[in-house]
J.: 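This is the structure, below, for whatever I ask next.
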Amino acid sequence: MHKPGPSHSPRRTALNTPKPSRTASLPLSLITPGYNPRRYFDRRKHEELVASMRLRGVLQPMLVRPAGNSDDAFEIVAGGRRYRAALEAFGAEGQVPVIIREMTDQEALEAAIDENDVRDDASETEQADAAVRVLAACHDDRAEAARRLGWSKAKLDRRLALANLSETVKFALDERRIKVGHAELLAAVPADKQDKALETILGSGLDVSKTRDLLMRVTQDLASACFDKTECMTCPFNSAAQRALFETHIDEGHCTNAGCFELKTQTAEMIRFEEEECAERAARASAPPASDDVADDGEDDAIDDIMADPREPSIHQIEAVTKNGASVRAVSPSARNTASPAAPTKAGVSAQSIAARTVDLREATWRTALARTLAGNPTHAHSAVLVAAMSGTLPQIKADTLKARAGLLVNAAFPDLDYRAQIKEIRTLSDEQAANVLSAIGAAYAKDASSFDHVADLARAFHVDLRAVWCVDQTFLERYTKDELKFIARECGLVAHMGEKGFAKLLGSKKPEIIAGMLNRIGFDWAGRLPSCMTLDGQYGPPPSEAARQDDAEIAKLAA
């Protein structure tokens, strides 16, 4: 190792222009170790080098630079192994040959990496750690970092991926107890699972092929996932990312982060279950009247402009009163004057009267839509949780909502820990886990907040679009009378599509045929059409324009 090495390539910026140098002989006491990418030194080779130095002396000078402003202190740039061996061979006062060169920190870093990179026994993890430092010095500019290192971009990406290995796995690779193929496979596993996997590999003597087969059995097939996989496309735990980096990888289309996959699955299933439960409850509470043709005229006359301005108290908060023997709700003055987006088909049928029969479904659907938004966006969830905490409404989240999922959100042992231990576990959460927990809290608040006005305000703030997750269907239409169906059809554009006579002919049928005809009309698409009774402001929501859809697609790309 102390024999003259190959000359340095001019590919490094630091070495393109030779710096003034001078040779000297210095006592080891004046020399201190500098930055060295090498982390592992083979003990047998070290002993051979010590023996060689005692026999022949130090044959190849070390490269050093002045340390700070001192004239009699020097820092090693290249030659760390020679320094260690010389200390053991000659002691601190032993004299060694050196080349002294003025160098900046960046030049010294690049020279140290270059000196180790050209050696055939340099460890991949040592190169990985060096790559991290150079990338930081280049302000995360990968192209510039690759240029300075003299590497291809592919090599830089591979080494940066290996930098995510745990220290235990890195040392196992340095000591060649595992092969590079093992390390590449483990780089696709969350850091907190790598050490356990390493124990299995070493304990069972698994080769690379068997290790790959083992990991395949514990990964999750993304094709079967029931959640939105947009974030998965750029996730480092998606096996597609490993396929692009390494020769050794598991099959494409698999997730190697079982905890994240399970959390997303549980969240999606929770939302689906609660959505179905709310829809069923709303359907039971808003069952259609016995007559197919006309609602109770007394009730229709009593219900007048119930859909209030969104700043007014919600329908649940309006006090019930009795008029002409029929149970109705008191209406605020501002709500009485709300203009209908379409002319009523007969006295008493309006956007507000229809909305009165849709309260439970409307609120349950908006809560679900907001919960989905917060579950998928930690930034929005963070804002919602802060607002809820500062307004004193955060305790409205039911105690069991999150407690029951703590084992999934944190770890399986968490629910059984005492409070002090739980604090410790929370403080050690990775950024990704903490974001998932925060999203779950936000989604729980959307479901449990007692005031729907708060839910509506959050939905407006985060631009939640109900048209993306809800559509007019049979269950929705079955709750209304024929005249109310005509109002909805006119409002949503179906009457204009069919023509007045065509729709009047359909309206002469029994209600099941009317609903079937409305939902299956050729050339008419209900997608994106939001009846006023389902909106937050009582105004019909038309389908988004093509320009708006393109804007949404661009925003989604940027968010991804």
J.: For the side chain of R367 and the backbone of A446, is there at least one donor-acceptor N/O pair under 3.5 Å apart?
T.: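 The answer is yes, because a donor-acceptor pair under 3.5 Å joins these two groups.
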J.: Using the test side chain to side chain contact (heavy atoms under 4.5 Å, CB included), find all partners of Q474 that sit at least two apart in sequence or belong to another chain.
T.: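 Testing Q474 for side chain to side chain contact (heavy atoms under 4.5 Å, CB included), a comparison that skips the adjacent residues, returns E478, I515, L519.
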J.: Residues in salt bridge (charged side-chain N to carboxylate O under 4.0 Å, His left out) with K153, at least two apart?
T.: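 Checked K153 against salt bridge (charged side-chain N to carboxylate O under 4.0 Å, His left out); matches are D157.
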J.: Only pairs at least two apart or in different chains count here, so list each ring pair (Phe, Tyr, Trp, His ring centres under 6.0 Å) that has a residue in residues 370-409.
T.: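 Qualifying pairs, neighbours excluded: H380-F462.
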J.: How would you list, by chain and number, every residue that makes a ring pair (Phe, Tyr, Trp, His ring centres under 6.0 Å) with F524, sequence neighbours excluded?
T.: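 F524 satisfies ring pair (Phe, Tyr, Trp, His ring centres under 6.0 Å) with H497, W526 only.
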J.: Can you confirm whether K170 sits close enough to L162 that some side-chain heavy atom of one is under 4.5 Å from a side-chain heavy atom of the other?
T.: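 When only atoms from C-beta onward are counted, L162 and K170 do not touch, as no gap falls below 4.5 Å.
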J.: Looking only at heavy atoms, what is the nearest atom pair of F414 and A406, with distance?
T.: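 Heavy atoms of F414 and A406 come nearest at CD2-CB, 3.7 Å.
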J.: Are any non-hydrogen side-chain atoms of S439 and L374 less than 4.5 angstrom apart?
T.: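 Side-chain contact under 4.5 Å: no.
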J.: Can E484 and R357 be said to form a salt bridge (Lys or Arg N to Asp or Glu O under 4.0 Å), step by step?
T.: CA-CA 11 Å; E484 289 169 334; R357 301 158 71 99; 3.4 Å; yes
J.: Looking at W366 versus F452, is the centre-to-centre ring distance below 6.0 Å?
T.: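 No, ring centres 6.0 Å or more apart.
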J.: What pairs with A197 under side chain to side chain contact (heavy atoms under 4.5 Å, CB included), at least two apart in sequence or on another chain?
T.: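 With neighbours one apart ignored, the set is L186.
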J.: May I ask you to test the C138-R148 pair for a side-chain heavy-atom distance under 4.5 Å?
T.: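 Touching, per the 4.5 Å side-chain cut-off.
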J.: When you measure from the side chain of T358 to the backbone N and O of L361, does any donor-acceptor pair fall under 3.5 Å?
T.: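 No.
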J.: Under the side-chain hydrogen bond (donor to acceptor under 3.5 Å, both in side chains) rule, collect the residues that match up with E425, sequence neighbours excluded.
T.: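 side-chain hydrogen bond (donor to acceptor under 3.5 Å, both in side chains) check on E425 returns N411.
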J.: Could you tabulate the donor-acceptor pairs under 3.5 Å formed by side-chain atoms of residues 391-400, not counting sequence neighbours?
T.:
unit_1 : atom_1 : unit_2 : atom_2 : d
S391   : OG     : V387   : O      : 2.9
S391   : OG     : A388   : O      : 3.2
S391   : OG     : T393   : OG1    : 3.0
T393   : OG1    : A388   : O      : 3.4
T393   : OG1    : Y445   : OH     : 2.6
Q396   : OE1    : S450   : N      : 2.8
Q396   : OE1    : S450   : OG     : 3.1
Q396   : NE2    : S450   : OG     : 3.2

J.: Looking only at heavy atoms, what is the nearest atom pair of A351 and C533, with distance?
T.: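 In terms of heavy atoms, the two residues are closest at O-CB, 4.4 Å.
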J.: Would you please name every residue forming a side chain to side chain contact (heavy atoms under 4.5 Å, CB included) with A435, sequence neighbours left out?
T.: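 Checked A435 against side chain to side chain contact (heavy atoms under 4.5 Å, CB included); matches are P378.
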J.: Counting C-beta onward and ignoring hydrogens, is there a side-chain heavy-atom pair between L160 and L156 closer than 4.5 Å?
T.: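 L160 vs L156: side chains touch.
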J.: With Q194, which residues qualify under side chain to side chain contact (heavy atoms under 4.5 Å, CB included), at least two apart?
T.: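 For Q194, the residues satisfying side chain to side chain contact (heavy atoms under 4.5 Å, CB included) (neighbours in sequence not counted) are L165, S166, V169, V189, A191.
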J.: Got a sec, which residues hit side-chain hydrogen bond (donor to acceptor under 3.5 Å, both in side chains) with R467, two or more places apart in sequence or on another chain?
T.: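 Expected list: D465.
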J.: Tell me if a side-chain donor or acceptor on R212 pairs with a main-chain N or O of H182 at a distance below 3.5 Å.
T.: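 Side chain of R212 to backbone of H182, a donor-acceptor pair under 3.5 Å: no, none is there.
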